[in-house]
Amino acid sequence: GVAQFYGWVKAGAAAFLLFGAWRRFHSPTAGLWAGALAYLGIDDALRLHENLGSFFANAFSIGEVGPLRGQDIGELIAYGLILVIAVTALVVAEWRDRGATPSVLTQLMIPAVGLFLFFAVIVDTVGGVLPEVVQIAVEDGGELLVLTGVLVISLIWSHQAIDLAEASTS
């Protein structure tokens, strides 16, 4: 729907800003966050975690557990694997960029993306117990609100990085 499209635009714009910062400053951390945000938008648009969740549910014969369908559990497994890959890549990118101290970008993005994943994964998974209109409002509204924050973080960080680079060359 319109809300999802708007979310894809926000994620894409944030990814574009961070991709530009990565290209200009060769920052592995900015490149990783650009890729992560692009993935979030693409995953939502192409329903990648849903398809992977179906694969896991079928491949491992996962049945219902309480209010959760096998598909829901498969999606949680899929997101868990994706998260392990993303966190590993983030640790490597941060180490290459800064050593042991996480960048300001990462310090801002981790809570924001974590909150996005709460709405996208947890609210989506357990939302079946809520009335549909409430579940959609909470999930989509939460995702859009958080993506606005992510876009603002990306905009400020990319401009701050540009300002710092220009100050160091003058």
Side-chain angles (χ1 to χ4, degrees), residues 1-19 21-22 29-57 60 62-91 93-94 102-158:
V2 174
Q4 283 187 317
F5 180 77
Y6 189 46
W8 303 336
V9 169
K10 286 182 180 185
F16 179 78
L17 288 167
L18 293 176
F19 179 74
W22 169 72
T29 302
L32 177 92
W33 282 113
L37 293 172
Y39 175 79
L40 287 175
I42 291 167
D43 175 84
D44 195 32
L46 300 179
R47 303 178 50 84
L48 297 177
H49 72 276
E50 286 92 346
N51 294 331
L52 196 53
S54 290
F55 168 77
F56 286 133
F60 299 110
I62 301 172
E64 289 185 15
V65 176
L68 300 179
R69 306 169 298 148
Q71 167 78 25
D72 296 329
I73 296 168
E75 288 179 26
L76 290 173
I77 292 168
Y79 256 119
L81 292 173
I82 293 164
L83 198 56
V84 166
I85 293 167
V87 168
T88 302
L90 179 61
V91 168
E94 282 288 345
S103 68
V104 171
L105 177 62
T106 293
Q107 291 177 33
L108 294 171
M109 287 297 238
I110 284 178
V113 171
L115 193 55
F116 175 84
L117 291 174
F118 169 78
F119 289 109
V121 178
I122 304 303
V123 173
D124 180 54
T125 301
V126 299
V129 300
L130 300 171
E132 185 176 4
V133 69
V134 173
Q135 189 262 334
I136 290 170
V138 171
E139 180 184 353
D140 289 350
E143 288 177 12
L144 288 175
L145 187 61
V146 173
L147 283 173
T148 299
V150 166
L151 181 56
V152 168
I153 290 167
S154 301
L155 181 64
I156 291 170
W157 190 86
S158 65

Note, [X] side chain near [Y] side chain (heavy atom, < 4.5 Å):
X    : Y    : answer
Q71  : E50  : yes
L37  : M109 : yes
W22  : L18  : no
L108 : I156 : no

Contact summary for [X] and [Y], nearest pair of heavy atoms:
X    : Y    : value
L17  : S154 : CD1-C, 4.1 Å
I73  : G63  : CD1-O, 3.8 Å
V134 : L130 : CG1-CD1, 4.4 Å
A21  : S158 : CB-CB, 4.4 Å
A89  : L32  : CB-CD1, 3.4 Å
V146 : A112 : CG1-O, 3.0 Å

Original post:
In terms of the angle between their ring planes, are F56 and F60 parallel, tilted or perpendicular, with boundaries placed at 30° and 60°?
Top reply: parallel
Output yes when a side-chain donor or acceptor of [X] lies under 3.5 Å from a complementary backbone atom of [Y], and no otherwise.
X    : Y    : answer
D140 : A137 : no
K10  : L144 : yes
N51  : R47  : yes
E94  : S103 : yes

Separation between [atom1] of [X] and [atom2] of [Y], rounded to the nearest 0.5 Å:
X    : Y    : atom1 : atom2 : answer
E139 : Q4   : CD    : CD    : 8.0 Å
L40  : L48  : CG    : CG    : 11.0 Å
L147 : L151 : CG    : CG    : 8.5 Å
D124 : D72  : CG    : CG    : 7.5 Å
I77  : L52  : CD1   : CG    : 9.5 Å
F118 : T125 : CZ    : OG1   : 10.5 Å

**OP:** Would you sort out whether L90 and I110 count as a side-chain contact (heavy atoms from CB on, under 4.5 Å), showing the intermediate values?
**Re:** CA-CA 10 Å; L90 179 61; I110 284 178; 3.9 Å; yes
**OP:** Apply the test side-chain contact (heavy atoms from CB on, under 4.5 Å) to residues L68 and E64: give CA-CA distance (whole Å), side-chain angles for both, the deciding distance (0.1 Å), then the verdict.
**Re:** CA-CA 6 Å; L68 300 179; E64 289 185 15; over 6 Å; no
**OP:** With side-chain hydrogen bond (donor to acceptor under 3.5 Å, both in side chains) as the test, would you mind laying out the steps for Y79 and D43 before giving the verdict?
**Re:** CA-CA 11 Å; Y79 256 119; D43 175 84; 3.0 Å; yes
Original post:
Take atom OH in Y39; do more than 12 heavy atoms of anything else shown fall under 6.0 Å from it?
Top reply: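 Atom OH in Y39 is crowded, with more than 12 foreign heavy atoms closer than 6.0 Å.
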